Amino acid sequence: MSALLEVAGVSVSFDGFKAINDLSFEIEPASLRAIIGPNGAGKTTFMDIVTGKTRPDKGRVTWGEHNISLLKKSEAEIARLGIGRKFQRPTVFEDQSVFENLIMALKNPRTTFATLFYRRTEPDVTRVEELAREIGLTSELGRKSGELSHGQKQWLEIGMLLAQDPQLLLVDEPAAGMTVGEREHTTRLLREVAKTRSVIVVEHDMEFVRQLNCRVTVLHEGSVLAEGSLDYVTNDERVIEVYLGRSGER
Amino acid sequence: MRAVFAQPSTIIVLLALAIFTGTIVVMAGNGDISTSLVKVLGMTLCFCLAAVAMDLIWGYTGILSLGHFAFFGIGGYAVGMWIMYARTEAIVVAAQASAALPPTPEEIRSAIGTQIFGVVGSAEIPPLWMFAHSFWLQMLMVILVPGLLAFVFGWLAFRSRVTGVYLSILTQAMTLALALYLFQNDSGLRGNNGLSGLQNIPGFEGTPQSDISIAFFIASAVALALGYVLCAWVVSGKFGSVIRGIRDDENRVRFLGYQVTHFKLFVFVLTAVICAIAGALYYPQAGIINPAEIAPIASIYLAVWVAIGGRGRLYGAILGAATVSLLSTWFTGGRVPDIDLGFTRILWVDWWTVLLGLSFVLVTLFAPKGLAGLFDYLRLPSAVKPYKGEPKRIK
Ligand SMILES: Nc1ncnc2c1ncn2[C@@H]1O[C@H](COP(=O)(O)OP(=O)(O)OP(=O)(O)O)[C@@H](O)[C@H]1O
Ligand SMILES: [Mg+2]
């Protein structure tokens with residue numbers, strides 16, 4: 001099967017510091033992948049590159065079966081191609097209701113005029129209700145999202161990703177700051193989503209990654225150190241040295 | 001559109017405006033209030049309209065433009081050009097009617113040129129005035145010139161992702177540049193003399209000012225009502241969600257697939273044009289426009305009105321603009337008794353600015369939602385239901 005997203009030989013440096021160094025990475029359609037790595041390994045920067053926020057100095061980023069290059073596209077264009085992103089810090093529009101947040105994220109024409117003349121349709125409302133059920137926020141639809149708990153905001157953000165109907169979801173540290181119960185819900189949600197779409201999860205929490213039960217990529221100093229099952233990579237000596245060694249002490 | 005009229009605030013604003021307009025028209029008709037007061041009130045309505053636009057760009061979209069009064073001024077200049085040209089033309093034609101030979105069109109044009117531009121030592125009609133002879137073309141300019149300027153400026157600024165304070169500074173610079181340009185005698189717009197006699201509307205020479213003032217007052221009220229409904233519609237639906245999203249976190253909006261630049265540009269141009277229309281109605285009531293009107297400080301006042309009124313809700317803008325501008329007229333009109341403190345005298349003409357600054361600070365500190373925020377205590381029924389099965393708001 002051909003890759004959904006292919007990153008090849010990508011490098012990026014900030015003021016001479018190589019945050020991403022000759023990174024290559026691939027993901028197939030409808031698969032779940034975890035990316036782990038110590039702080040500053042370049043995980044967030046990797047997402048920035050894929051979503052068009054940061055331009056790499058060299059390398060290739062191609063998308064979909066037609067191998068479209070993402071390098072010259074704007075954030076909005078990449079989002080419309082089907083790549084959704086959840087930020088490290090939960091970012092929902094706190095001033096607006098859960099319903100408004102979701103309806104804004106729906107996959108509809110998103111030009112200025114289409115938005116201006118948009119009328120709420122029955123299928124759209126149904127879709128939002130479905131999404132709300134999926135993320136467990138049905139009874140919160142009318143609430144201001146600023147009033148939600150931390151975990152609920154994270155789910156809402158995942159819901160907003162799903163609303164865009166993307167083929168690939170990039171999820172940055174979804175479990176950070178969640179209670180045990182919330183984590184379990186999140187794991188289930190992501191595994192469910194990955195049945196039909198690809199999901200890349202960046203996470204520090206080993207237990208969480210174990211629950212995801214998927215292929216793991218270890219990033220270190222801007223390039224891939226190891227890749228395989230969690231057990232495989234955690235037994236890799238270099239990985240133990242740079243990452244697990246340190247996190248084991250905590 | 002239906003959602004707009006389902007909002008109690010829209011209905012209340014329109015009703016209040018209608019009652020106010022009706023009352024003033026009746027009172028003016030009976031001679032209970034003076035023509036000059038009618039003009040002041042009509043001009044205040046124009047300020048309110050500009051403030052509604054300011055609220056749309058700042059309160060809703062989060063772009064603190066400190067240049068929107070420039071568009072207001074451009075609207076005034078555009079309408080003033082037609083008024084001056086047409087009126088001068090009528091005078092010139094009348095004066096030459098008794099001449100032995102009928103004047104040629106060139107002679108008429110040159111006489112008009114001398115009349116209008118004599119003060120700046122010129123007799124040529126500058127190219128800027130090429131549409132001034134035609135009412136319709138010049139009215140088109142009221143919309144096109146500020147619209148185009150806003151488009152070009154906005155395109156450059158938003159595309160390079162200039163935001164926040166930098167954008168505010170840039171808009172101030174634009175305003176200052178425009179004012180400085182207009183101050184020059186060879187600007188083609190009569191330098192610091194500006195355009196005057198704008199209260200004399202061509203074609204209505206026989207109509208008394210008392211009637212003209214009422215007509216403009218009503219026109220201003222209608223413009224405010226239409227502008228309000230338009231802006232309320234723009235902020236009501238998904239577009240409103242997106243621009244408030246841009247205000248709160250524009251990057252997040254980008255990753256949802258919306259071209260933030262286009263949305264900002266649309267709002268910037270729309271509000272510029274609304275301000276221009278407000279200005280086009282204002283200056284015939286003021287009677288004169290000069291470059292000082294466009295000074296950067298005027299645009300800052302516009303922001304102050306909206307802040308005091310309460311940004312992020314359109315009626316707040318109206319409340320702020322009306323309250324502050326009317327108080328300003330009252331305090332600087334010399335009719336408020338000065339206070340003698342013995343060691344110093346409080347002259348309101350000077351101290352009004354201090355009072356205004358103080359209220360601005362107080363509002364920012366103690367009522368961040370502005371005057372309109374006080375309505376929250378009245379517990380009006382909440383705006384459009386965001387969702388049909390909405391459970392009761394907790395707050
Ligand atoms: N815009 C930027 N300018 C300068 N340096 C940057 C920038 N963005 C990231 N970096 C640097 O690049 C490196 C990689 O950062 P990145 O945020 O990708 O790490 P991360 O793997 O997401 O870490 P964490 O686990 O802490 O989130 C860090 O050393 C960071 O300081
Ligand atoms: Mg990170």
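Model, not experiment: these values are computed from the prediction. Below, chains carry the letters A, B, ... as their sequence lines are ordered, and counting in each starts from 1.
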Exercise for review: Would you mind checking if K144(A) and E147(A) are paired as a salt bridge, meaning a charged N to carboxylate O distance below 4.0 Å?
Suggested key: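 Judged by the 4.0 Å cut-off on N to carboxylate O distance, E147(A) and K144(A) do not form a salt bridge.
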Review point. Is the shortest distance from a Lys or Arg side-chain nitrogen in R85(A) or D48(A) to a carboxylate oxygen in the other one below 4.0 Å?
Key: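 Yes, R85(A) and D48(A) are salt-bridged.
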Check your understanding: Which of residues 65-76 of chain A have a heavy atom under 4.5 Å from any heavy atom of chain B?
Key ->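 So far as heavy atoms go, S74(A), E75(A), A76(A) are the residues that approach chain B to under 4.5 Å.
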Review point. Any chance CZ of F366(B) has more than 12 other-residue heavy atoms, nucleotides or ligands included, within less than 6.0 Å?
Key: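 Count not over threshold, so no.
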**Study point:** Heavy atoms of other groups near R55(A) CZ, more than 12 under 6.0 Å
**Key:**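 Correct, the count exceeds 12.
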Practice item. Examine W233(B) together with F117(A) and report whether their ring centres are nearer than 6.0 Å. Key: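 So the answer is yes for these two rings.
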Practice item. If the plane angle is over 60° it's perpendicular, under 30° parallel, otherwise tilted; pick one for H68(B) and F71(B). Key: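 H68(B) vs F71(B) ring planes: perpendicular.
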Exercise for review: Give the member of I83(A), I103(A), D95(A) that has the highest number of heavy-atom pairs under 4.5 Å with chain B.
Suggested key: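 Going by pairs under 4.5 Å, I would pick D95(A).
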Check your understanding: Do you know which of K53(A), E77(A), R110(A) has the most heavy-atom pairs under 4.5 Å to chain B?
Key ->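 Heavy-atom pairs under 4.5 Å are most numerous for R110(A).
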Any side-chain heavy atom of [X] sitting closer than 4.5 Å to one from [Y]?
X       : Y       : value
C48(B)  : Y228(B) : no
I12(B)  : Y315(B) : no
L226(B) : L49(B)  : no

Point to revise | Proximal component of E157(A), with respect to chain B [non-hydrogen, under 4.5 Å] | key: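 Interface part for E157(A): both.
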Exercise for review: Report, by ascending residue number, the residues of residues 252-280 of chain B in heavy-atom contact with chain A at a distance under 4.5 Å; give 'none' if the set is empty.
Suggested key: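 At a heavy-atom separation under 4.5 Å, chain A is reached by R252(B), V253(B), R254(B), F255(B), L256(B), G257(B), Y258(B), Q259(B), H262(B), F263(B), F266(B).
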Practice item. State whether a side-chain donor-acceptor pair under 3.5 Å links S65(B) with W58(B). Key: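 W58(B) and S65(B) do not have a side-chain donor-acceptor pair below 3.5 Å.
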Check your understanding: Which bit of D249(B) comes within less than 4.5 Å of chain A, counting heavy atoms only: side chain, backbone, both or neither?
Key ->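 Contact with chain A is through both the backbone and side chain of D249(B).
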Review point. Is a side-chain N or O of D165(A) found less than 3.5 angstrom from the main chain of L106(A), in a donor-acceptor match?
Key: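 Not a single qualifying donor-acceptor pair exists.
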Point to revise | Exam field: side chain S236(B) to backbone V4(B), donor-acceptor pair closer than 3.5 Å | key: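 No: the side chain of S236(B) does not pair with the backbone of V4(B).
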**Study point:** Option in G240(B), G237(B), G245(B) with maximal non-hydrogen atom pairs under 4.5 Å from chain A
**Key:**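 The option with the most such pairs is G245(B).
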